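Below is the structure I would like to discuss, written out as structure tokens.
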Amino acid sequence: HYSAVLLRDDRNAMPDAMEADAAAGENTPSRTVPCKSAEGWVVIVTNVHEEANEDDVYEHFAEFGEVKNLHLNLDRRTGFVKGYALVEYGTKEEARTAVETANGSSLLDQTLGV
């Protein structure tokens, strides 16, 4: 159960949750913030190597806090990872630490975007 991200026609407008975080100075330079889910805070990880597995991603992100849930979408035809992962933490602080620290880090010789 992940939070939906709403896209608006006004490209300068931010969703209410992001506006509150931005006003409180709680965002990274890239304006990336964790998204609230039903059970925690979700971080979207991009540029995941196609041959990465759940253990690789879990071990990489477990150093930032307790990973509550991890989801890797696989391509049905090839069976490889589609290139992104959803990592869920129990607290916003853990998720924020993952965003700030893991962005630009390397996993299987590929630079991650968080």
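On a predicted model such as this, the values are computed, not experimentally measured, just so you know.
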key: side chain to side chain contact (heavy atoms under 4.5 Å, CB included) involving Thr101 - partner list, sequence neighbours excluded   =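 Partners of Thr101 under the side chain to side chain contact (heavy atoms under 4.5 Å, CB included) test: Phe64, Thr97.
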ask   = Do Val81 and Asn73 come within less than 4.5 Å of each other through their side chains, counting heavy atoms only?
value =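 Side chain of Val81 against side chain of Asn73, heavy atoms only: no contact under 4.5 Å found.
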message = Under a 3.5 Å cutoff, is there a donor and acceptor pairing between the side chains of His71 and Asn69?
response =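 Looking only at side-chain atoms, Asn69 and His71 do not form any donor-acceptor pair under 3.5 Å.
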key: Val43 side chain near Val114 side chain, heavy-atom distance below 4.5 Å   =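 Side chain of Val43 against side chain of Val114, heavy atoms only: contact under 4.5 Å found.
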query = Do you know the tightest heavy-atom contact between Gly65 and Tyr89?
reply =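 The pair with the smallest heavy-atom distance is O-CE2, 3.7 Å.
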ask   = Any sub-3.5 Å donor-acceptor pair from Glu39's side-chain atoms to Gly90's backbone N or O?
value =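 The answer is no, because no donor-acceptor pair under 3.5 Å joins these two groups.
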key: Hydrophobic cluster membership, Tyr84 vs Val42, 4.5 Å side-chain cutoff   =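 In one cluster with Tyr84: Val42, no.
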query = Between the main-chain N or O of Gly104 and the side-chain N or O of Thr111, is there a donor-acceptor pair closer than 3.5 Å?
reply =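 Side chain of Thr111 to backbone of Gly104, a donor-acceptor pair under 3.5 Å: no, none is there.
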ask   = At their closest point, which heavy atom of Leu108 faces which heavy atom of His49, and how far apart are they?
value =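 Heavy atoms only, the tightest pair is O-CD2, 3.6 Å.
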request  = Using atom types as modelled and distance alone, determine if a side-chain donor or acceptor of Asp75 lies under 3.5 Å from a backbone N or O of Lys82.
outcome  =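 Judged by distance alone, no pair lies under 3.5 Å.
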request  = Look at the side chain of Asp56 and the backbone N and O of Asn53, then say whether any donor-acceptor pair between them is shorter than 3.5 Å.
outcome  =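 Pair found, side chain donor or acceptor close to backbone of Asn53.
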Side chain proximity check, Val57 to Leu107, heavy atoms < 4.5 angstrom =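 Touching, per the 4.5 Å side-chain cut-off.
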task = Provide the closest heavy-atom pair for Glu88 versus Gly40 in the form atom of the first, atom of the second, distance.
result =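 Result for this residue pair: OE2-N, 3.1 Å.
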ask   = Which residues satisfy the side-chain hydrogen bond (donor to acceptor under 3.5 Å, both in side chains) test with Thr91, sequence neighbours excluded?
value =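 Scan of Thr91 (side-chain hydrogen bond (donor to acceptor under 3.5 Å, both in side chains), adjacent residues dropped) gives Glu94.
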ask   = CG/Leu112 to OG1/Thr46 distance, rounded to the nearest 0.5 angstrom?
value =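 Here the interatomic distance stands at 7.5 Å.
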key: Worked check of side chain to side chain contact (heavy atoms under 4.5 Å, CB included) between Ile44 and Leu86   = CA-CA 5 Å; Ile44 300 171; Leu86 303 173; 3.6 Å; yes
inquiry  = For a 4.5 angstrom cut-off between non-hydrogen side-chain atoms, does Phe80 reach Leu74?
reply    =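 No, every pair of side-chain atoms sits at 4.5 Å or beyond.
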request  = With sequence neighbours excluded, tell me which residues meet salt bridge (Lys or Arg N to Asp or Glu O under 4.0 Å) with Lys68.
outcome  =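 With neighbours one apart ignored, the set is Glu66.
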ask   = Shortest non-hydrogen contact from Glu54 to Leu70?
value =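 Residues Glu54 and Leu70, closest heavy atoms: O-CD2, 3.3 Å.
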